[in-house]
Each structure stands twice: as C-alpha cells, then as structure tokens.
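Whatever order the structure lists them in is the order used to number ligands and atoms, beginning at 1.
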Amino acid sequence: MTKIIIVGGVAGGASAAARARRLSEDAEIIMLERGEFISFANCGLPYHVSGDITQRDALLLQTPQSFKSRFNVDVRIFSEVVAIDRQQKVVTIKNVLSGEEYKESYDKLLLSPGAAPIRPPIPGINSANTFSLRNIPDMDRILASISQNKPQHATVVGGGFIGLEMVEALHQIGITVTLLELSEQVMAPVDLEMANFVHQVLVQKQTDLRLNTGLTAITELPEHLELTLSNGEKLTTGLVILAIGVKPETMLASAAGLELGVRGGIKVDEGMRTSDPDIYAVGDAVETLDFVTAQPALIPLAGPANRQGRIAADNMLGREEKYQRTQGTAICKIFDFAIASTGHSEKSLRRQGRAYEKVYVHPGNHAGYYPGAFPISFKLIFDPITGQILGGQAFGKEGVDKRIDVLAVAMRAGLKVQDLEHLELTYAPPFGSARDVINQAGMVAANVIKGDERVCHTADILNISPEQFLLDVRNPAELTNIGAIPGAVNIPVDQLRERLAELPKDKEILITCQVGLRGHVAYRLLANHGFKARNLSGGFKTFQITTAKF
Ligand code: FAD
C-alpha cells in the first residue's frame, strides 16, 4: 500500500489527490492544507468581489468532508508542512491554530504549495486596507474593508490578469480606480500594440491608467492612504490591491535540499519528479519547459497545475506519464472585451534573438451581416522560413477564446501557419464566417512564407526612407473620417490599375489600407506589374493602435 502525502489542497494538490484515488483504492492519501479551504476557485475570487458570482459558497468546490466521502482522502486543514526529512521520509506538520507539531511518514510526497503574491519591501506595505488576493480569506478581507470603509477610490498596483480583473470588479461596484503599472503596458504576455487595445478599454471605462508608474511608499493617514508614486506624485486612495505578480513557494523544498531551477521554481523532470525520486512537485511552485523554446519557464496558470497534478499522481502510483510542456495559453476579461494569447510574444522572441515574422488580421467574430459582429484583432507570430507557429494574440468581444484555443491546439499538434487555411471550423452566420479568423490569419501568413506577399510593419512606416513611397489604397472618405498616415499618397485600390503611371518604379512602395485586405490586392497588382512593394500587415488599424499613446 502506497502512502501518499500531498502538500497544498487547491489546484495541483486536489487534482493529484482525486486522481490518485481513482487509480488506487489501496493507497493511503493525506492532503495537508495550511489554510481553511481546499479546492476553492482562486480564479473566481475577483468575480465575487464584483458581485458577478453572488454566492461566496459557489467558490468552495469541495470541503474536507466532501473530499473524504467521494475520494476517501484524509484532508487536514490548518495543517502546514514545515519540514521534510528526506532520509527518514517523514514530514513535520504544524497545526497553525494550536501551534502543535507532529510527524507523518510518506512513501511518496507531492508538493503543490503554489506561488505567493509578491509584496515589495516599500515603506508602508503592511498598512491597513492594503491587500493581495490569493485566497478566500484575502477576498473576505477586501470585501470587509470595502463594506466598512466604503472607499470612493481604490488603487490597483500591477496590470497582470489579477490586477485587471480587480480593476473591473472594483469599477463594477462603483469605486473609481487608479491602475499603476511600472512597465509601458498591462498584460505582459501580449505585445504593446495588443495591450493598447486593453489600455483603450480601461480609459473608456474611466480607469485612471498610469503606465510607467510604480508605487514607492504607502502612508497611513487618519482618513485614507497616501501613496507616493515613482514620479514623485502623491495619490490619495482608500484601498490598495497589490497584484504585481507571484513568486513560487519554494522555502519548504529548498530547506529540504531539493534542487531549484534557473528561474527560481522547484526543478522537476517530465514526470514531475524533483531531484528526490520520491518527491514530486507541481503547479505554480515548479518550473517546467516552455513549449516553444524548451527552456525552463515559470508559468503560473490553473490548467498546467491541474494537468501536472494528474500526471504526478499517475507516476507516484507507478505509471510513466510525461508532462508535455507549457504553452502559456491565457485569457482575461476586460469589461465587455477579452484579450488572450498562447505561445510567445514578439518581445520575448526578440529577447531570445529568435527569428520571427508576424501578421495581423481584423475580421469580424462572425458574419458582418448578422447583428452584433465585432472585429477580432488577431496577431499571428511564426517562423519566417518554416512556418512554425510561435505564438498568437487576440483582442475582441466574443470568440477571442475560440480563436486562441484553436491556435493553441494547432501549435501543440505541430501544425504550421500553412496548415491553418485548411482547418475546417464551425460556421453559421451567428458564430463565424466561412473563412474563419484562423483561416484568414493562416492564409495571410502562408502568403508571406510562399513569397506571395511581402509585408511591412508600423516600425517600417515610421522609419520610411527617401527610397520608399507610401501608398494608401483606401477611399478618400476613409482617410478623412478615420485618419491617415502623414505623407501617404492616396490612390483607391479600384483605380490603381489605371493610375500605375503615378507610382515610382525605382522606389519600394509601402502599401496601406484599413486592415490589410485591399493592401494585399494592391500588392499583387503592383507585384504583377514589376513594382517592388510591401503591404502593411493589419493596415491602418494596426498602425493606429501601435502608435497610440496612453
Ligand atoms: P494553489 O492553487 O495556490 O494552492 C497551493 C496551496 O498550498 C495553497 O492553498 C496554500 O495555502 C497551500 N500551501 C502552501 N504551502 C503549504 C505548506 N507548507 N503546507 C500546507 N499547505 C501549503 N489561472 C488561470 O489559469 N486562469 C485564471 O483565470 C486565473 N485566475 C486567478 C485569479 C486569482 C485571484 C488567483 C490568485 C489566481 C488565478 N489563477 C488563474 C492562477 C491559478 O489559480 C493558479 O495557477 C493555480 O491555483 C496554481 O495551483 P497550485 O496548486 O500550484 O497552487
């Protein structure tokens, strides 16, 4: 009979416990959780603050009793594992209420302690009404502070997905929000121009968005908090939510002499085994290999934690399952919109010195003639020679999840951008188009790979040289109503064939239209007439969002 001890009773830990029991009726399984709750919906916490999830109980997916009844797992809450004796194969458990300690032996040990919110050592970080959000007690404290102090204004520090979800939640309950973000953009996994769509929404929703601005001190005054910002400004606020990222909880593992990886997470192999073959680790605390680069990565998401928990359970019970790397597929709701991504961003590929090309498309989420269509802005990043899909990002209203999910599956299956045009996806007017966003992005990228189109980007337009000529093929009214790139010569695409003589043969022609489609038609026409040209991928719409300043 295998005796399994699991440290941490939420995403990774609870998945492992349930899987272990499904595989073996004989195993003795003990799940130790230092907090009061197991298997709660951490991802749902912001939505209870907002009031979208009305019942707090809905966040409690299992209780120790329900876990015992269904899975016969001995769940011990308020039980913190404070030491591992690897020689004796024993853990020391502290009852966090009474302070008492006792020991428990194991055959196999699984660590799923998660990651703790980063709390920078700035003056006043422990002030009243200054919170992080990781678990149910954190959420309760935030809600209690709101109900007692009725703040008119809150400050969210950090524009990752937890920060953004909290901005929306607080806005929804009538609190004015300032969002402080130290870098030039929110949502680090996407590139700046895609994050600009989010910046636009935040500003439209009256969020006081302050990019390139950090928090340097918190001062508690009798009636409110005074924040000092990195630019020296002072800000008066009633509530601070710190959401500047998380740090893997590795203290227990490192104290036990388990190896940590280069990114600071617990090092595991493909079977989720640590440097001790009887100790496994999963979830936010571990580093796994990045799907694209095969380099160690820390990607704290619920899907990977769940999958890893299942694999660790399999392996603890004698199977040989392998975790197949993390793609970082993620999505975040921002008011009525969504931003999602999978794989690598352009900036992370640039950091690694990896060659890539990118294309943008902005088709409707479904047929334009069916009411309610809204564009999905889709960025596809790929290897310029082989067509390997390196990443994708999308912003829109409905259907953003579907497109990024399809792309994530395509990546995992090893499909190339040239394969995307062949994907047969669901279509009826309320749901999509006969040529789906994914098909369209694939066709555009395949054109680039096959040499049927040369593309240029906003940076090329901004750095235009005297040897280049900027041509806008939209209709004149569009330039007047929507805007135009200064210096562009306007010849509508439908007049281009007759007006070729107006174009210089000795210059490279950079073509722009609204979203890149008419630009492609113009590009083919010019290429077939012997002109040297490039088409601005994603057209003026991409140029506009890329150059927008927030
Ligand atoms: P956790 O779920 O954090 O569980 C670790 C548990 O271990 C904790 O309860 C902790 O108390 C316990 N523990 C730690 N040390 C010990 C010890 N020594 N002894 C006993 N117990 C211990 N991910 C997404 O993919 N999508 C989302 O929308 C999303 N939204 C999120 C929203 C919020 C507000 C938060 C906080 C997270 C969100 N996440 C989301 C991230 C996701 O919740 C985590 O990736 C996932 O929970 C990680 O699982 P885990 O088992 O590694 O850690």
- Rounded to the nearest 0.5 Å, the CD atom of Glu346 sits from the CE atom of Met194 at a distance of 11.0 Å
- Between atom CD of Gln308 and atom OG of Ser112, what is the distance when rounded to the nearest 0.5 Å? 8.5 Å
Which of the atoms of ligand 1 are close to [X], meaning less than 4.0 Å from one of its heavy atoms?
| X | result |
| --- | --- |
| Pro300 | 45 (O) |
| Ser79 | 19 (N), 20 (C) |
| Val7 | 16 (C), 17 (C), 18 (N), 19 (N), 20 (C) |
| Ala305 | 48 (C), 49 (O) |
| Gly12 | 49 (O), 50 (P), 51 (O) |
| Ser112 | 4 (O), 5 (C), 6 (C), 7 (O), 50 (P), 51 (O), 52 (O) |
| Leu32 | 20 (C), 21 (N) |

- Pick, from Leu301, Val286, Asp284, the option with the minimum heavy-atom distance to atom 52 (O) of ligand 1. Asp284
- Message: Judged on heavy-atom distance to atom 14 (C) of ligand 1, which of Pro113, Ala302, Ala14, Gly114 sits nearest?
- Response: Pro113
- Quick one: list whatever passes side chain to side chain donor-acceptor pair (under 3.5 Å) with Gln87, sequence neighbours left out. none
- Item | Within-4.5 Å side-chain heavy-atom neighbours: Gln393 and Met187 | no
- Answer yes or no: is there a side-chain heavy-atom contact under 4.5 Å between Glu220 and Leu225? yes
For [atom], find the nearest protein heavy atom and state the residue, atom name and distance (0.1 Å precision).
| atom | value |
| --- | --- |
| atom 19 (N) of ligand 1 | Val81 N, 3.0 Å |
| atom 49 (O) of ligand 1 | Ala11 CB, 3.2 Å |
| atom 29 (C) of ligand 1 | Cys43 SG, 3.1 Å |
| atom 34 (C) of ligand 1 | Asn42 O, 3.4 Å |
| atom 11 (O) of ligand 1 | Glu33 OE2, 2.7 Å |
| atom 35 (C) of ligand 1 | Ile162 CD1, 3.5 Å |
| atom 7 (O) of ligand 1 | Gly8 CA, 3.2 Å |
| atom 3 (O) of ligand 1 | Arg134 NH2, 3.3 Å |

- What residue among Gln185, Lys379, Lys347 forms side chain to side chain contact (heavy atoms under 4.5 Å, CB included) with Val190? Gln185
Are any of the N/O atoms in [X] less than 3.5 Å from those in ligand 1?
| X | result |
| --- | --- |
| Leu45 | no |
| Gly283 | no |
| Arg34 | yes |
| Glu80 | no |

- Item | side-chain contact (heavy atoms from CB on, under 4.5 Å) involving Val75 - partner list, sequence neighbours excluded | Met31, Ile38, Pro64, Phe67, Val73, Ile77
- Item | Backbone N/O of Lys89 and side chain of Arg86: donor-acceptor pair under 3.5 Å | no
- Message: If we only consider heavy atoms of Phe37, is any one of them less than 4.0 Å away from an atom in ligand 1?
- Response: no
- Message: Surrounding NZ of Lys267 (heavy atoms of other residues, nucleotides or ligands, distance under 6.0 Å), is the total greater than 12?
- Response: no
- Taking everything shown except Gln152 itself, do over 12 heavy atoms lie less than 6.0 Å from its CD? no
- Message: What verdict does the side chain to side chain contact (heavy atoms under 4.5 Å, CB included) test give for Ile30 and Lys3, after you've listed the backbone C-alpha separation in whole Å, the side-chain angles of each residue and the deciding distance to 0.1 Å?
- Response: CA-CA 8 Å; Ile30 303 173; Lys3 181 172 176 185; 3.8 Å; yes
- Identified ring-ring contact (aromatic ring centres under 6.0 Å, His included) partner of Phe395 from the options Phe337, Tyr360, Phe378: Phe337
- Query: Can the ring centroids of His344 and Tyr356 be said to lie less than 6.0 angstrom from one another?
  - Reply: no
